[in-house]
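Structure first, commentary second.
Note that the structure is a prediction, hence the values are computed from the model and not measured. By convention in this document, chain letters (A, B, ...) are assigned in the order of the sequence lines, proteins followed by strands, and residues within each chain are numbered from 1.
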There are 2 protein chains.
Amino acid sequence: MMETATRCQAYNVFSQACPTRMVLDRLADKWSLLIMDRLRDEPVRFNQLRRDVEGISQKVLSQTLKKLERDGLVTRQVFATVPVTVEYALTALGHTLSNTIESLAHWAEHNIDSVLAAQREYDAVNA
Amino acid sequence: MMETATRCQAYNVFSQACPTRMVLDRLADKWSLLIMDRLRDEPVRFNQLRRDVEGISQKVLSQTLKKLERDGLVTRQVFATVPVTVEYALTALGHTLSNTIESLAHWAEHNIDSVLAAQREYDAVNA
DNA sequence: CGGGATCCGTTCCGATACTG
DNA sequence: CAGTATCGGAACGGATCCCG
């Protein structure tokens with residue numbers, strides 16, 4: 001388990017060279033987790049994804065999907081219809097991650113009120 | 001549970017107005033999760049945090065801590081020593097989130113090899 | 001020690017236009 | 001339908017200087 005030279009020790013998770021941090025850095029953007037969450041239950045086509053993940057531009061969607069595909073989390077399948085159809089889906093690896101994403105979403109759902117309350121209080125004090 | 005007007009339904013997690021997305025947007029930056037992970041076990045002072053979370057600048061650390069404090073995830077305690085001492089720590093709310101963060105870190109630790117392999121393969125094909 | 005203020009390059013990102 | 005290419009503004013983020 002610890003034979004990989006680049007793998008960080010537990011006490012060194014914060015080092016820049018730590019691969020865990022590399023993964024975290026890659027996923028900690030505005031859209032990646034959201035897109036993966038949308039793909040959790042079914043394959044989705046490009047423009048459908050664009051409509052469902054509200055607010056994302058087509059450029060950024062394209063870029064993000066490419067990164068997720070490169071990381072082995074998402075597959076891109078082209079169907080030779082006219083016009084062409086492209087389906088994006090989670091890989092097996094992607095599915096293992098989506099469980100964690102869901103727990104993050106659940107935390108947010110359950111604690112949004114506390115967060116909003118804290119923000120209001122903070123803003124009231126720091127007027 | 002669903003009485004809050006701004007809370008999204010399960011089928012609408014991707015809407016911009018969804019509070020779950022607001023929380024996700026806030027945490028999905030380069031440093032927030034990393035800082036919270038460092039605070040998991042003990043309160044940490046500003047410059048110690050700066051040293052431990054490798055690569056973060058003092059400006060960005062300061063900004064990120066302020067946001068985390070505003071969200072009610074982190075507390076800031078000032079001690080009137082000379083020179084002044086400031087300790088950052090997780091709130092109770094912050095601790096409930098840190099469990100999820102840890103599972104994300106564990107996923108990364110366990111699957112980094114698969115991700116790196118996928119990247120190499122992708123780069124080889126798209127030369 | 002724990003920041004704030006400023007400057008400045010880079011990256012991000014949205015809008016628009018175009019293509020197979 | 002599923003993208004790519006280009007442009008320009010906005011936001012991010014690092015380096016430096018300064019202060020209580």
Quiz item: Are A:Val125 and B:Val86 in one and the same hydrophobic cluster, where Ile, Leu, Val, Met, Phe, Trp and Tyr link if side-chain heavy atoms are under 4.5 Å apart?
Solution: no
Exercise. Name the closest nucleotide to the A:Val60 side chain, picking from C:dC1, C:dC13, D:dG3.
Key: C:dC13
Quiz prompt | Protein-nucleotide distance (B:Gln63, atom CD; C:dG3, atom C1'), rounded to Å | solution = 12 Å
Practice problem: Ignoring backbone atoms, establish whether A:Lys66 has a side-chain N or O less than 4.0 Å from OP1 or OP2 of D:dT4. | Solution: yes
Practice problem: State which of C:dG2, D:dA2, D:dG13 makes the closest approach to the side chain of A:Val84. | Solution: D:dA2
Quiz item: Does the C:dG4 base have a donor-acceptor partner in the side chain of B:Gln58 within less than 3.5 Å?
Solution: yes
Quiz item: Is B:Arg45 near enough to C:dG2 that one of its side-chain N or O atoms lies under 4.0 angstrom from OP1 or OP2?
Solution: yes
Quiz item: Taking for each residue the nucleotide of DNA chain C bearing the nearest heavy atom, is the 5' side occupied by A:Lys67 or by A:Pro83?
Solution: A:Lys67
Self-check item: Between C:dG4 (P) and B:Asn47 (CG): distance, integer Å
Solution: 13 Å
Quiz item: Can you find a side-chain donor-acceptor pair between B:Asp29 and B:Ser32 that sits under 3.5 Å?
Solution: yes
Self-check item: Between C:dC1 (P) and B:Leu61 (CG): distance, integer Å
Solution: 14 Å
Practice problem: Give a yes/no answer on whether the side chain of A:Ser57 brings an N or O atom under 4.0 Å of OP1 or OP2 in C:dA15. | Solution: no
Exercise. Look at A:Tyr88 and D:dG3 and indicate whether a side-chain polar atom (N or O) is within less than 4.0 Å of OP1 or OP2.
Key: yes
Practice problem: Measure from CG on B:Asp29 to P on C:dT11 and round the result to the nearest Å. | Solution: 18 Å
Practice problem: Identify which nucleotide among C:dG14, D:dA2, C:dT6 has an atom closest to any side-chain atom of B:Lys59, counting heavy atoms from C-beta outward. | Solution: C:dT6
Quiz prompt | Interatomic distance, A:Glu87 CD vs D:dA2 P [rounded to whole Å] | solution = 9 Å
Quiz item: Think B:Ser62 has a side-chain N or O under 4.0 angstrom from the OP1 or OP2 of C:dG4?
Solution: yes
Exercise. Answer yes or no: are there more than 12 heavy-atom neighbours, outside A:Glu121 itself, under 6.0 Å from its atom CD?
Key: no
Practice problem: Before accepting this row, confirm whether a basic side-chain N of the pair B:Asp123/A:Arg70 lies closer than 4.0 Å to the acidic partner's carboxylate O. | Solution: yes
Quiz prompt | A:Gln48 side chain to A:Asp52 side chain, donor-acceptor N/O pair below 3.5 angstrom | solution = yes
Exercise. Output yes when at least one side-chain N/O atom of B:Arg76 is less than 4.0 Å from OP1 or OP2 of C:dG2, else no.
Key: no
Quiz item: Atom CZ of B:Arg50 and atom C1' of C:dG2: how far apart are they, to the nearest Å?
Solution: 11 Å
Self-check item: Rounded distance (Å) that lies between atom C1' of D:dT4 and atom CG of B:Asn126
Solution: 15 Å
Self-check item: Interatomic distance, B:Ile56 CD1 vs C:dG3 P [rounded to whole Å]
Solution: 13 Å
